[in-house]
Amino acid sequence: MIINKDVMRDHNERSVLQTIVNHGPISRSEISKLLGLNKVSVSDIVGTFSDRKLVLSQGEATSNQGSGRRAELVAFNATYGYIINFSISGEKLEMLVTQLDGRALEYNESPISHLAVKEIVAKMVDMIGQLPSFKAENGLQAISIAIFGVVYENEIVTSPFVDFADFDLVGYFKRRYHVPIILENEANLAAVFEQDFSKQELQSIVAISIHEGIGAGILVNKQLYRGNYGRAGEVGHIMIQDTGRKRQRLAQLPSFDEEWSETALLKKAAQIKGVAQVTLAELVTAANQNDPEISGLLEELCYHLAIVTSDLIVAYDPQMIFFNSPLVEQLPEILKNIQMKLSFMPLVPPLVMSKDVKYATLLGGASLAIHEVLAMPGTRLIFHH
């Protein structure tokens with residue numbers, strides 16, 4: 001078999017950079033041992049990265065196993081550039097700026113309820129314009145945008161909370177800032193976060209995201225599973241059948257989003273209490289005070305979440321299921337309740353809280369953007385959290 005030298009060189013460069021990102025500071029000889037590459041090739045590749053300022057010298061190792069000179073350590077230059085990450089929900093626009101190792105530099109948010117897409121974009125541009133100067137070799141490298149809705153091939157298919165109409169979000173920001181633009185579903189990015197910001201490598205996971213709507217990010221064989229048209233994991237569209245009623249036409253059945261998203265839950269709580277509005281904080285307080293009506297409502301929520309979770313287990317057989325939900329984070333007994341309801345199943349994977357409910361989606365976007373900048377899609381990189 002003839003192996004193209006350029007292809008081999010590209011493969012070796014990605015392997016060396018991956019090793020430096022995941023294991024640095026590290027010496028050239030350690031890289032050589034880990035990858036099985038000769039020291040001359042490794043030294044040449046590291047030298048190229050050093051010239052580009054992708055890696056930096058960290059001085060000599062503190063100990064020396066041999067009798068010669070101590071080995072020089074090199075590390076990934078996380079300040080090579082920075083990434084801007086946005087999340088657009090129906091109520092809030094969030095922005096997180098990160099280094100190329102995922103470390104946060106700046107966070108900001110702004111209410112966007114009832115704003116038109118052009119007004120939201122103007123806010124995004126304004127947020128970028130107000131950023132301070134960051135210590136970075138090359139400035140802005142990429143922008144990621146998380147959407148609560150269906151995304152297919154970097155285009156918005158549907159979004160229940162913001163009317164994007166025919167606005168070309170990716171094209172607009174690419175023309176304005178001349179960097180790669182990553183557009184992705186927010187639950188998908190939450191799943192990416194759980195994998196890439198963890199030292200534990202998992203083959204298959206599901207991240208259930210419960211906010212204004214509910215969705216599931218799915219990783220199969222360490223890769224995002226989006227389905228044929230980007231709709232995989234849109235569990236908020238699952239129809240709910242009330243078994244106590246006469247059979248209805250399918251088109252008349254309510255969806256999970258309509259009945260059990262966080263927004264729907266708060267509306268139900270307000271109706272039960274006969275008030276105009278119930279906030280998440282008020283719901284949590286009532287639950288902690290064992291309010292019987294709110295406790296009954298949460299029990300019903302757990303029942304339906306258990307059904308959705310069991311469906312995801314049967315469909316994807318994940319190693320672990322993460323819950324990304326402000327409600328569940330503040331009422332962790334919900335997770336225990338779901339686990340108990342699924343005890344009849346022979347093999348239930350661990351149900352765990354997200355490592356970071358607030359920033360998971362934004363950091364997942366940062367991960368995809370960093371992979372794009374480094375031209376390393378699908379490569380296992382471990383970022384800081």
Between N221 and Q223, is any side-chain donor less than 3.5 angstrom from a side-chain acceptor?
-> no
Over 12 non-hydrogen atoms of neighbours within 6.0 angstrom of CE in M340 | no
Please determine, by modelled atom types, if Q130 and D126 share a side-chain donor-acceptor pair under 3.5 angstrom.
-> yes
Any chain of hydrophobic side-chain contacts (each under 4.5 Å) joining V170 to I83?
-> no
Does a donor on one side chain and an acceptor on the other come within less than 3.5 Å for S27 and S29?
-> yes
If you group Ile, Leu, Val, Met, Phe, Trp and Tyr by side-chain heavy-atom gaps below 4.5 Å, do L368 and L183 land in one group?
-> no
Can you run down the side chain to side chain donor-acceptor pair (under 3.5 Å) pairs that involve residues 15-25, sequence neighbours left out, and say none if there aren't any?
-> none
Does any donor atom in the side chain of E94 or Y359 lie under 3.5 Å from an acceptor atom in the other side chain?
-> no
Verify the neighbour count for atom NZ of K53: are there more than 12 heavy atoms of other residues, nucleotides or ligands below 6.0 Å?
-> no
If you group Ile, Leu, Val, Met, Phe, Trp and Tyr by side-chain heavy-atom gaps below 4.5 Å, do L362 and L105 land in one group?
-> no
Please say whether more than 12 non-hydrogen atoms of neighbouring residues, nucleotides or ligands are located less than 6.0 Å from CD in E155.
-> no
Inspect the surroundings of OH in Y107 and state if more than 12 heavy atoms from other residues, nucleotides or ligands are less than 6.0 Å away.
-> yes
State which residues pass salt bridge (charged side-chain N to carboxylate O under 4.0 Å, His left out) with K355; sequence neighbours excluded, sorted by chain then number.
-> E194
Which heavy-atom pair separates G213 from F161 by the least distance, and what is that distance?
-> N-CZ, 3.6 Å
When you look at CZ of F134, are more than 12 heavy atoms from neighbouring residues, nucleotides or ligands closer to it than 6.0 Å?
-> yes
Does atom NZ of K341 have more than 12 heavy-atom neighbours from other groups under 6.0 Å away?
-> yes
Which atom of S144 lies closest to which atom of A369, heavy atoms considered | CB-CB, 4.4 Å
